[in-house]
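In what follows, a single structure is set out as C-alpha cells and then discussed.
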Amino acid sequence: MQQPWCSIGSDGYALATDGPLRRGNPHPRSFGTFPRVLGVYVRERKLLRLEDAVRKMTSLNAAKLGITDRGPAAAGDVRRPDALRPRARD
C-alpha cells in the first residue's frame, strides 16, 4: 500500500442511500472502502500520509485509466482532517 504505484479503489457500486433509487441492502464496500483507508491506514496506523492516500484514491486511478479531464487535488483542497473522523449516522 505504501508503494507509490499502488492505487486504492473499490469494486462497489455508486448507490442511492434513500429515495426512489434506493434498492436492497448493499455490500459495505460500496460505502466503506475510502473511509476505512483514511481512518485506519492514515489516521490510526499512520502507514500513509493523507495527501498520498487521497492521490491513490483519485488522480492515480484516473491516470491509470487514461482519464485526462480531471486534475489532481490541489494544495489546500483538504482543509479539515478532523472531518475524517467516523461518526454515527443519524
Rounded to the nearest 0.5 Å, how far does [atom2] of [Y] lie from [atom1] of [X]?
X     : Y     : atom1 : atom2 : value
Tyr41 : Leu47 : OH    : CG    : 8.0 Å
Ile67 : Thr58 : CD1   : OG1   : 11.0 Å
Met57 : Ser10 : CE    : OG    : 11.5 Å

Which heavy atom in Leu60 sits nearest to a heavy atom in Cys6, and how many Å separate them?
CD2-O, 3.7 Å
For Gly9 and Thr33, which heavy atoms make the closest approach, and how far apart are they?
O-CG2, 3.6 Å
Taking only residues two or more places apart in sequence, or in another chain, which ones meet Glu44 in a side-chain contact (heavy atoms from CB on, under 4.5 Å)?
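Per chain and number, Glu44 pairs via side-chain contact (heavy atoms from CB on, under 4.5 Å) with Val40.
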Under the side-chain contact (heavy atoms from CB on, under 4.5 Å) test, residues paired with Leu21 that sit two or more places apart
Ala16, Arg23
Do Leu48 and Ile8 have side chains that approach each other closer than 4.5 Å (heavy atoms only, starting at C-beta)?
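A side-chain contact under 4.5 Å exists here.
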Listing request: all salt bridge (Lys or Arg N to Asp or Glu O under 4.0 Å) pairs with a residue in residues 48-59, at least two apart in sequence or in separate chains.
Arg49-Glu51, Arg49-Asp52
